[in-house]
Amino acid sequence: MINSGNIAFYLVSTFLLTFGLMAVTTRKIFRAAIWLLFSLIGVASLYFLMDLQFLAAVQIIVYIGGIVVLIIFSIFLTQHSGEDLPKALVSRKIISMVMCVLGLGLIGKVLVENKFEASKVVFDSELKTIGNKMLSIGPDGYALQFELVSILLLAAMIGCIVIALKKSPEQS
Amino acid sequence: MNNVPLIHILFVSTALFFIGVYGFFTRRNLITMLMSVELILNSVNINFVAFNKYLHPENHDGLFFSFFIIAIAAAEAAVAIAIIINLYRSHRSIDVEDANELKL
Amino acid sequence: MTILVLILLLPFLSFVVSGIWGRSHLKNLSGSIGTTSIFAAFIISCQTAYQYFFIDGMIAGKYVAQFPVNFHWLQFTPDLSINIGMMIDPISVMMLLVVTFISLMVHIYSLGYMKGEERYATYYSFLSLFTFSMLGLVVATNIFQTYIFWELVGVSSFLLIGFYYNKPSAVAASKKAFIVTRFADLGFLAGILILSYYSGSLDFKEIISRYTDLSSPHLQSAITASFMGASALTWGLVLVFVGGAGKSAMFPLHVWLPDAMEGPTPVSALIHAATMVVAGVFLVARLFPIFAISCPAALHLVAVVGIFSSAFAALIACTQTDIKRVLAYSTMSQIGFMMFALGVSKYGSESGLGYMASMFHLFTHAIFKALLFLCAGSVIHFVHSNEMKDMGGLNKLMPITHLAFLLGCLAIAGIPPFAGFFSKEEILTAAFEHDKLIYYVAIITAGLTSFYMFRLFFSIFYSKKSFSEKINHHSEGTFTMLLPQIILAIGSILAGFIPFGNYISSDGWVLENHIDWNFSILPISLSSIGILIAGFFFYKKSDRPENISLQLGALYSLVKNKLYIDEVYEFVTKKLIFRFIARPAAWIDRNLIDGSINTIGKATQVFSLTTSLWQSGKVQAYSIWFLVGTLGVLLMSLHFLQII
Amino acid sequence: MNLNLLIIFPLLTCLILLFVKDNKTIKSIALGGAVLQLIFSILLFVQYRIQIAHSSSKMIFESNTTWFSTLNINYHIGVDGISVAMILLTAFVVLAGVLVSWKVEKMTKEFFFLLTLLSAGAYGFFISLDLFSMFFFLEVAVIPKYLLIGIWGSGKKEYSANKLALMLMGGSALVLVGILGLYYYSSSKVYGFDLMSLSTQMIPLDKQLIYFPFLFVGFGVFTAIFPFHTWVPDGHSSAPTAASMFLAGISMKLGGYGCLRVATFIMPEAAHYYSPYIVILSTIAILYGAFATMMQKDLKYMNAYSSVSHCGFVLLGIGMLTPASINGAVLQMISHGLMTALFFAAIGMIYERAHTRNVNELGGLLKVMPFIGTIFILAGLCSLGLPGLSGFVAEMTVFIGSWARPEKLYRIATILSCASIVVTAVYILRATGSTLMGPIKNNSFSSLSDAKWNENFASVLLLAGILILGMAPFVVNDLIAPATNNIMLNILRISNGI
Amino acid sequence: MTEALNYIFLLRSEVMLILIMVVLLIMKVADNGKSNGFWVGAINSMLIVNCIVGWLPLQEGILFGGVYKSFALGTFGKNILNSGVLLISLVSTQWLRNCRHVVEFYLLLLSSLLGMFFMISSGNLLLFYLALELSTIPIAALANFSFEERRSSEAAMKLILSSAFASSILLMGISFLYGAGGTINFEILTVIMNNSPLMIMGFVLIFVGIIFKLSVVPFHLWTADVYEGSPIPVTIFLSVISKGAMVFVFAFLLYHVFGALSNSWYFLLYYLSMITMLTGNIFALRQNNLKRLLAFSSITQVGYILVGISGSSVEGLSSAVYFVIVYLFSNIAAFGVIAQVANKSGSEDIFALRGLAKSNPFLAWTMAIALFSLAGIPPTAGFFGKIFLLKAGAGKGDIFLIVFASLNMIVALAYYLRIIKAMFMEDSETELPKISTGLSFQVAAYICLAGIILTGFSGWLLTYIGELGLGL
């Protein structure tokens with residue numbers, strides 16, 4: 001059944017996989033970051049295609065606006081421009097390749113053999129529902145998790161600051 | 001895209017997963033390894049969302065999982081980058097092969 | 001408990017007292033303590049003998065055994081136990097007398113002989129220990145009791161031979177004596193195990209009655225069970241005899257006896273001439289009914305071993321130059337007489353003559369051999385040497401010793417009317433009736449005996465005249481040394497006239513003694529010829545003996561070196577056992593068994609080191625392993641559930 | 001009679017030791033504790049004799065406390081004749097051990113602490129009627145030994161200590177497998193470690209055949225079963241005197257006791273099945289140990305190898321499964337415990353003075369140290385089975401018991417084992433000959449002193465035990481015979497066709 | 001109101017931790033140059049309060065509609081971990097006094113602990129995952145706390161990357177499980193768990209993600225490196241608290257949520273426990289670095305725990321929990337001594353311990369007893385712990401596993417004895433000076449020693465744990 005939605009899906013898929021692959025193979029680190037960015041955008045588009053606009057937005061804001069930027073900053077911090085990334089060991093490449101193919105095969109086989117029966121219920125992707133659930137403390141609520149993540153982010157922040165903090169002159 | 005078989009979406013996510021894994025295994029630069037982790041997490045996100053939307057639309061667990069994974073990914077990336085920067089300070093390199101004093 | 005217990009207890013107490021306090025407090029008293037206690041034991045023995053032989057021993061014309069003391073010492077199973085007790089029967093009473101008497105003599109003699117010795121107290125405590133053990137052996141009611149005291153006798157012999165422990169040769173001799181007899185005891189032990197297993201008892205009384213009653217199931221099972229062609233009973237008896245042969249220095253287990261002469265001479269007199277070495281004869285005599293009635297084959301072996309040892313030892317004795325060694329071989333030879341006398345005997349009445357003769361000879365031999373040793377001791381004490389060549393012409397210097405020695409020699413040579421004549425005559429008679437071949441070998445041996453004894457006698461007391469002037473500053477010996485010699489010399493004259501058959505016989509019935517003078521002519525003349533030849537060669541110093549020995553050449557040196565039997569033993573133990581069993585065992589233990597256990601340890605270490613590459617320190621490699629593990633676990637569990 | 005006191009006394013002693021500083025006081029306290037133990041053991045013996053006279057139960061002074069209720073593990077204690085005998089042995093050896101260690105100056109507190117702890121372990125083992133607590137006490141004793149050897153030992157002590165600890169640990173690992181197996185297969189209804197109730201159950205034969213070897217070999221390692229005996233020579237020879245005494249005197253007996261009380265008692269059918277193998281192994285150990293001893297130059301090695309040989313008799317007696325042989329095995333345990341402790345004490349005294357244990361370097365010591373020399377000779381004579389000393393009684397009982405098995409294999413094994421008495425004589429005489437007799441090899445020896453009061457006392461104590469057992473074996477035999485009878489009843493159930 | 005109180009009561013462990021963290025933050029913000037000593041003292045006293053509050057009654061209940069569950073065994077476990085953290089804090093006082101960011105150190109430590117608490121109490125996979133991350137990420141930061149040490153940042157890097165990878169696998173598993181079951185709620189999952197391939201795959205990937213944290217072979221490779229490189233308090237925390245919490249969760253998940261798959265995980269545990277024990281031992285044998293050695297030893301201990309858990313019975317559960325307690329005391333004592341010695345001599349090598357028995361007998365004996373406990377030598381509690389684990393494992397009737405485990409105890413003893421040997425039988429060229437350990441260390445050491453000795457004999461403890469465990 002070919003329709004525009006389907007075609008879009010396959011295109012997006014190809015897009016994100018291709019850029020993903022490029023991101024992990026290119027020897028220019030800056031390019032790798034850009035290809036990653038594209039790949040993540042691909043994922044975000046996939047969410048759009050699934051009618052999950054809010055998730056797509058989060059994906060773009062957090063990933064593209066946050067993480068990738070962070071990565072690029074750290075590349076600036078640690079990398080001398082123009083240098084190629086060091087080559088991986090050939091043996092490791094081969095082994096990794098084999099393992100990945102094996103894993104893909106194994107998981108793929110299980111997935112293929114599994115009969116998925118799509119549910120007829122319509123997925124409620126209303127922002128309101130999501131928002132309600134996010135802060136509900138009932139059985140379907142995620143308030144506790146939400147709080148937990150906030151603590152986690154706090155802890156991560158403290159950790160980052162302490163670690164990345166340059167030594168103050170008196171202590172060095 | 002409601003007609004796309006679920007298995008195709010899953011295949012895409014699994015493939016992305018192993019692309020990430022491959023990168024994680026072969027990239028010697030720590031930052032690129034971190035990028036690979038992001039790819040892996042994204043593939044998992046796709047999984048969750050796809051399962052939620054196609055198989056279990058009556059709840060939002062998968063969706064929320066994705067939200068939280070994104071948050072965690074951010075936190076993890078932040079801490080990892082802090083560590084990498086610290087490592088860079090002491091090793092003057094972020095090649096993972098250079099950081100193997102601890103072994104045997 | 002009767003007063004009899006004192007016979008055992010007194011020497012034991014003497015041993016304990018002088019053993020513990022001898023070194024510190026009773027240094028000089030211990031001799032008197034020992035002598036007194038043995039004297040008391042001797043008196044009680046005499047009283048016992050009188051009581052037994054003349055008052056209550058005989059019931060309806062037959063001597064029966066009494067058991068004044070008997071108690072369970074160690075219970076193995078409800079019906080198998082070691083009992084310790086005292087059995088009073090003719091031979092044990094006779095042995096009590098012999099042991100206490102000779103021991104008393106030796107104790108007295110040692111008062112002078114060992115005077116001034118540093119370990120004087122130790123000596124007496126060992127002597128008491130020996131006497132105690134020997135007495136315990138002879139009164140044993142139980143074959144295991146015999147074994148117990150047998151071992152104790154062995155160890156006290158060991159202690160006494162090695163008394164001069166600073167002398168390496170003495171230490172070696174004591175070790176040799178102990179180990180050889182221990183080896184023989186192994187046979188004894190195995191014999192006990194066999195005999196007791198089939199008879200179901202360890203008591204002499206039970207064993208004998210069960211094995212001599214032809215209808216008893218015990219005997220039947222012991223005869224039917226067979227191993228390597230011989231019945232269990234034969235095996236048992238032969239093995240017991242092996243034990244006896246070891247202690248009695250029968251061929252081929254005799255090698256320890258000549259070396260044992262390293263001990264103090266009184267000890268040789270007591271242990272290695274009169275008492276301990278006849279324990280083997282005693283043991284066979286103790287079990288004689290079984291030998292004679294149920295297992296003649298074993299008895300025949302006893303005879304063969306006895307006569308062979310006898311002749312063999314006599315031959316060697318002719319070539320030895322150490323006077324104690326000559327006496328040692330003569331002891332061996334005489335014990336051979338006793339053994340084959342038993343061997344040619346049968347059970348009951350007249351045909352049991354050999355048994356009586358053997359016991360008779362044991363009795364007389366104890367007296368005259370002790371005499372000879374004590375005299376030899378005096379001689380050695382006098383010249384400070386054991387070698388014949390250092391002696392000669394002592395007849396004037398040591399007149400009493402000279403006379404006593406002469407009497408002893410005459411007794412052993414079997415010249416009437418001395419003690420040895422009577423007992424030897426009975427033996428020869430028994431042999432003549434039973435087996436002509438044994439008889440002829442025996443009389444030739446008797447002739448040889450008189451030859452080597454007089455060779456000894458002449459070499460010591462005559463031969464080189466010149467010697468006599470050199471030493472005359474000390475006397476022949478103290479009174480305590482002379483007294484036993486005199487008593488024993490008198491004993492050697494008189495002992496033969498005891499009507500032995502009246503008291504001791506194979507079955508307890510009285511047996512008539514008889515001397516057939518016609519029969520005696522041949523042995524007496526052979527002995528006399530022996531004396532004459534000895535006189536011819538050795539009365540005066542000459543080179544005749546040397547010429548003869550040169551003419552005999554290799555044969556002579558073969559005999560002089562005791563047929564190289566010691567060397568054979570040496571070879572077997574040192575070369576074979578040490579080199580091919582003990583050393584490999586030790587080597588295997590250190591290298592193979594311990595080595596393999598160490599190898600396990602080392603291999604683990606090596607394994608540990610070789611696997612270290614796994615922990616490569618590379619986080620990507622770790623992750624690959626992680627994935628490998630994940631996929632592996634996944635595969636495994638899917639496979640386990642038969643999904644893949 | 002509260003058996004717990006047997007453990008509490010040593011532990012209290014340990015506790016007090018912790019708070020004492022002065023070396024002299026430490027020794028006195030350790031000595032006092034050991035004396036107390038001995039008195040208590042003798043009291044126990046007397047009480048036991050009184051109690052057993054009018055009691056039909058197998059175990060006396062029993063007490064049973066829940067320990068881990070969910071796992072059905074109880075602290076079950078009680079004694080029978082064998083245990084009482086072993087407890088007495090322990091008390092003797094420990095007291096002697098404390099006495100001969102009087103000169104220890106290095107880390108004195110730790111030394112006596114460990115020694116006392118060891119004795120607590122041994123007592124606990126002997127009174128335990130629950131496999132768990134038995135195993136517990138078995139292992140308690142391993143590490144103190146390791147430390148005693150490693151810290152206060154001589155020669156290649158670390159190596160030896162390591163080997164000992166690892167091999168004994170291996171043994172107890174096997175035991176552990178065995179008791180866990182018994183736990184689960186004891187009964188379909190109630191799991192438990194209780195020795196007495198396990199012994200009354202019929203464990204299926206196929207399970208017995210699996211678990212018996214674990215238990216027997218596991219305990220066997222402690223008692224130097226061939227070929228797992230190699231810790232013995234190294235361990236014994238490197239250990240300080242008291243530890244050698246304890247090791248050979250008591251520790252090796254733990255194994256024999258375990259083989260008898262646990263393996264054979266609970267699984268008699270399997271014991272019958274494996275009997276030929278046990279007999280073969282122990283015969284090898286007896287002869288092979290004896291021959292290996294002949295080649296040893298170090299006195300301690302010599303005694304250690306001879307221990308291998310002598311402990312072979314214990315296993316032989318157990319393997320033969322006849323009343324007399326088992327009795328003999330127990331007697332041999334006691335006898336060997338006393339004798340070898342005495343031997344090690346004498347060797348220790350010689351070593352302390354002459355600073356060598358090599359027989360080729362020693363000589364003529366009897367002259368300078370007559371007391372020690374006499375002790376040495378007596379121990380040697382006991383070892384070679386001289387009547388009147390304990391070794392004879394034990395070995396003969398084993399022989400008589402073994403001979404009662406008429407099968408050819410057993411007969412040959414018995415005869416071969418008997419033959420070891422000759423070999424024993426050879427090496428014992430060789431050792432005494434070259435150590436004590438002959439001329440004094442080294443001039444420095446002539447100034448050596450004889451035993452001091454503590455050594456005198458220790459030797460006399462052990463010697464008294466040897467003599468009592470040797471001259472009046474009925475005292476001990478009457479004690480252990482009813483207990484072996486109980487074990488025999490279990491063994492005989494197979495022939496009664498159950 | 002009562003409901004709110006109920007919430008606070010059931011959440012009291014977590015609330016307490018958050019309170020402490022908030023107080024710390026406020027104090028830090030208002031800080032005017034307080035010394036580290038002050039901070040350590042203040043925090044220690046707060047931790048003591050925390051420990052006491054944990055033991056209040058009222059343990060069971062469900063909050064947030066099943067997302068958070070408070071159950072008796074879990075609360076017990078949390079209390080154990082609380083005490084463990086307090087002990088760690090006490091034994092590493094000296095290190096903490098010299099630490100540059102002591103408040104941050106505690107904040108991170110406590111947030112990680114908070115994560116573990118939530119993990120224990122989690123009622124669904126999402127909370128579980130989040131709590132897992134909360135417990136991991138701060139530790140990665142903590143591992144980097146020896147800022148000057150290259151090895152510290154390397155350890156942190158290895159930890160964060162490995163655990164990121166592991167948690168991705170775990171997430172993959174969760175997604176599959178969610179796909180197959182349509183729920184992330186444990187209670188529902190328990191009911192619908194079945195042997196369908198997708199379920200199995202989900203289960204296996206989750207299983208792998210968790211045993212990564214437990215450092216089961218072959219997922220253990222990060223362990224030794226991270227333990228060695230991290231500062232000692234972090235190493236103790238990782239090896240004791242983190243592992244202990246993981247054992248609680250692991251047992252809970254296996255017994256409860258994946259109970260229906262017990263055949264399949266028994267089979268996995270059977271092999272994994274064997275290679276874990278073996279590898280841990282074999283690798284430990286060659287180590288000279290004490291932290292590394294103990295890292296491998298802790299891998300071995302996990303192998304034993306797996307043996308116990310594989311028994312799949314209440315006994316298995318309670319013996320595993322019991323063992324965690326024993327292990328906690330033993331490991332804290334051992335690492336504490338290493339910390340003291342390393343602090344003085346600057347070396348964490350086995351050679352640094354030479355002659356310790358002479359110079360510092362107290363430290364040497366503490367170490368020795370701790371090691372004996374780890375080796376499972378009576379009368380220490382380690383003996384009981386190990387025996388109970390093996391006994392639980394033997395319940396399945398597989399003798400080979402038990403033989404294998406028992407034989408491994410010998411190898412383990414070999415390397416523990418190496419340390420003992422160094423302390424007691426070897427002399428060092430440079431005699432260690434007498435180390436003044438400080439009061440807090442001594443208190444902690446005595447507590448640990450008492451725990452090591454007494455835990456073993458306390459049958460009631462095992463019974464108590466067993467009763468708590470019946471609720472599962």
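In this text the structure is predicted, and so the values were computed from the model without any measurement. Chain letters run A, B, ... following the sequence lines, proteins first and then strands; every chain starts at 1.
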Is [Y] close to [X] at the side-chain level, that is, under 4.5 Å between some pair of heavy atoms?
| X | Y | value |
| --- | --- | --- |
| E:F219 | C:T630 | yes |
| C:M636 | E:V204 | no |
| C:Y622 | E:L161 | no |
| E:F283 | C:W614 | yes |
| E:Q287 | C:Q615 | no |

Which atoms of [X] approach chain C - backbone, side chain, both or neither, heavy atom under 4.5 Å:
| X | result |
| --- | --- |
| E:N263 | both |
| E:V217 | side chain |
| E:Y415 | neither |
| E:I169 | side chain |

*Within a reach of under 6.0 Å around OH of C:Y165, are more than 12 heavy atoms found that belong to other residues, nucleotides or ligands?*
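Enclosed.
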*asked:* Atom OH of residue position E:Y271 - does it have more than 12 heavy atoms of other residues, nucleotides or ligands inside 6.0 Å?
replied: no
*Please determine, among E:D225, E:L221, E:T279, the option with the most heavy-atom pairs under 4.5 Å with chain C.*
E:L221
*Could you have a look at E:M157, E:H220, E:E154 and say which one has the most heavy-atom pairs with chain C under 4.5 angstrom?*
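Maximum pair count with chain C is reached by E:H220.
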_For the interface with chain E, which of C:S612, C:S616, C:G632 has the highest count of heavy-atom pairs at distances below 4.5 Å?_
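Top option by heavy-atom pairs under 4.5 Å: C:S612.
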*Least distance between heavy atoms, C:S637 atom then E:S264 atom*: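 Heavy atoms only, the tightest pair is CB-OG, 4.3 Å.
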*Grab the two heavy atoms, one from C:L638 and one from E:P197, that are nearest each other, plus how far apart they are.*
CD2-O, 4.3 Å
*Measure the acute angle between the ring planes of C:F626 and E:F212, then classify it against the limits of 30° and 60° as parallel, tilted or perpendicular.*
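Perpendicular.
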Inter-residue atom distance [X].[atom1] - [Y].[atom2], 0.5 Å rounding:
| X | Y | atom1 | atom2 | value |
| --- | --- | --- | --- | --- |
| C:L641 | E:F267 | CG | CZ | 8.5 Å |
| E:K158 | C:K618 | NZ | NZ | 10.0 Å |
| C:L634 | E:F207 | CG | CZ | 12.0 Å |
| E:L278 | C:F607 | CG | CZ | 5.5 Å |

